[in-house]
Amino acid sequence: MRYGRTTAVDGLDLDVATGTITAVLGPNGAGKTTTLETCEGYRKPQQGTVRVLGLDPLRQRRDLLPRIGVMLQGGGAWSGVRALEMLRHVASLHAHPLPVDLLADRLGLHECGRTPYRRLSGGQQQRLGLAMALVGRPELVFTDEPTAGMDPAVRRSVWTLLEELRADGVTVVLTTHYLEEAERLADQVHIVDRGRLVASGSPLQLTRGGRVATIRLVVTRPFPPGAPESLRAALGEGVEVRQLDEVSLVVTGPADASTLGRVSRWCEDNDVLPESLTLGQRSLEDVFLELTGREMRA
Amino acid sequence: MSQAPVGTATGTWTPRPGAAPLVRQVLAQARMESRLLLRNGEQVLLAVVIPVVVLLGGVVGADRVGLDFSRPTVDVLTPGVLALAVMSTSFTSLAIATGFERRYGVLKRLGASPLPRSGLLAGKVLALLAVETLQVVVIGAVALPLGWSPATSATAVGGLVLALVLGTAAFAGLGLLMAGALRAEATLAAANLVYLLLLVGGAVVLPLSAYGGAGGLVQWLPSAALGDAVRAALLDARVAVVDVVVLSVWAVVAAVLTARTFKWE
């Protein structure tokens, strides 16, 4: 079943299946929030169509809204409202809300239940925002950067919560710039960059590079001129060398010891002192790097 | 936080979406907004303390500043203070609250909830009426021991309710117009400034006769129309038709302009 089909931002085309977790991954400014807000009916696409649960988010907004849960990237509550008072209020707008106490337990909101919103920490505001998205028992949850600003322990417990949602048949669409989050949670990852969809697939599909591995070389002084070409010549066929900046480059090619050996020999011959030389299976980070030529940093 | 096994289906989160009945949503919104309207000190000051101080000060000090009404001072001033209270809540408090709701993304968040915009507006109106009722009770409780004897005929009560409702509509429209166009801080400053200007020069507390020749212009202000209409009801048991028309025009114009210009984010 198709949940959503959006052509937003700059020709972005993606589908979401029921009962899955979909991650829209990309750096800040990639168009993640715009994509989400188009699905939530906040923005009107200049071109293309968006269908969420089979509905037009703008023209059928009233039918759609009770069925979805929305977690904004920030704000969304009165500055003077107490945390659980706000959650109870949102609950009262729904027909069959979850018990507020249950959500407060799971998201650690009892500790700040009577604290005015403006005095909550960033992480507490995030947890309240997530609770507000879930309290109406939605079929589909949109969360924008759900774990931004949370400490690692809380982040993991939120991941567990999102996995439970999926197990109970809730569809989750999240944006993130944490690769680990996408890798651990998502059934489908859509990598966006500068408003374009650059790759889609499961984390495994995206990172499976066959026998291809990545060697990352960071040096202490800037590379001499022509370094990438000279290294490529030294390594021979089937190897790609890409210079990232003046002190780092990435070699993509056969995952064997001889490639690594040749890289270090090239360093010796060219009087280049490595600061680090690492060999790794491709991570989503490498995938992102290969696709966009840029580091995936927030 | 408890840790459940990864991906275990518990049934806790099984979807069961739906909007609460609209009436329940609107009442919830009204309860929430009226609580918030009275939550902090400045708002209580604006809603209750300033009107009561104006009333007490006016009654005690009227002779000294040479104000001489043909009627008992408390009978003339109390209707004006009621009008002032309505103006402070439906204009200043509403504008400031709504300005910050825009700023903090409250309107955006509620825009993704089952509560429709019409329900949000209805909730705001009910919250205003609830706070205004409280203001009328408090001001009445202060004025009666001072000797206030308002007209109580059916016409008087009808005229009062009509004036308060139309005054609320006109000022709430103007407050939302301001809040929907300006930044929150600008709304805060402008809403207070306009309130002060109308308090002093808007013929809300003092009748038009106190403004001499300027009264001819001032009478078209919503503040003067509201003050005058409440005075007509409680002093003379009369419905002030011209003032009712003036308030209605302000209400319609403000509503149309607000609908066209209001920015939700």
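Chain letters run A, B, ... following the sequence lines, proteins first, then strands; residues in each count from 1. Just so it is clear, the structure is predicted and the values come from calculations on it, not from any experiment.
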Can you confirm whether the side chains of B:Q29 and A:H89 place a donor and an acceptor under 3.5 Å from each other?
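Yes.
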Looking just at side-chain N and O atoms, do B:T10 and A:D168 make a donor-acceptor pair shorter than 3.5 Å?
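Per modelled atom types, B:T10 and A:D168 side chains form a pair under 3.5 Å.
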If you take all heavy atoms of [X] and [Y], which pair is closest and at what distance?
X: A:S92; Y: B:A20; answer: O-CB, 3.5 Å
X: A:V81; Y: B:M32; answer: CG2-CE, 3.1 Å
X: B:W13; Y: A:V170; answer: O-CG2, 3.3 Å
X: B:R109; Y: A:V90; answer: NH2-CG1, 4.4 Å
X: B:P114; Y: A:R62; answer: O-NH2, 3.0 Å
X: B:Y104; Y: A:A77; answer: CB-O, 3.8 Å

Report which part of [X] has an atom under 4.5 Å of a heavy atom belonging to chain B: side chain, backbone, both, or neither.
X: A:I21; answer: neither
X: A:E37; answer: side chain
X: A:M132; answer: both
X: A:L98; answer: side chain
X: A:L162; answer: neither
X: A:L165; answer: both
X: A:R61; answer: side chain

State whether B:R31 and A:E85 are salt-bridged, where the test is any N-O pair (Lys NZ or Arg NE/NH1/NH2 against Asp/Glu carboxylate O) under 4.0 Å.
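Salt bridge: no.
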Region of B:L27 that comes under 4.5 Å of a non-hydrogen atom in chain A:
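Neither the backbone nor the side chain of B:L27 comes within 4.5 Å of chain A.
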Pick one of side chain, backbone, both or neither for B:L115, based on which atoms fall under 4.5 Å of a heavy atom in chain A.
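Both the backbone and the side chain of B:L115 come within 4.5 Å of chain A.
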Roughly how far apart are B:R35 CZ and A:R82 CZ, rounded to 0.5 Å?
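Spacing of CZ (B:R35) from CZ (A:R82) equals 9.0 Å.
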Could you check which of B:V26, B:V106, B:L107 has the highest count of heavy-atom pairs closer than 4.5 Å to chain A?
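It is B:V106.
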For chain A, the option from B:G119, B:A28, B:P21 that forms the most heavy-atom pairs under 4.5 Å
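Max contact count across the listed options: B:A28.
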I'd like to verify something: which residue of A:G75, A:G76, A:G129 has the highest number of heavy-atom pairs under 4.5 Å with chain B?
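Highest number of heavy-atom pairs under 4.5 Å: A:G76.
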Specify which of A:L134, A:L161, A:I68 makes the most heavy-atom pairs with chain B at under 4.5 Å.
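Top count of heavy-atom pairs under 4.5 Å with chain B: A:L161.
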Side-chain donor/acceptor of [X] to backbone N/O of [Y], under 3.5 Å:
X: B:R16; Y: A:P97; value: no
X: A:Y42; Y: B:K108; value: yes
X: B:R39; Y: A:G80; value: yes
X: A:R137; Y: B:G18; value: no

Whether over 12 other heavy atoms sit under 6.0 Å from A:R119 CZ:
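Open: at most 12 neighbouring heavy atoms sit under 6.0 Å from CZ of A:R119.
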Please check if the number of heavy atoms outside A:E180 that lie under 6.0 Å from its CD is greater than 12.
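No, because the 6.0 Å sphere around CD of A:E180 holds 12 heavy atoms or fewer from other groups.
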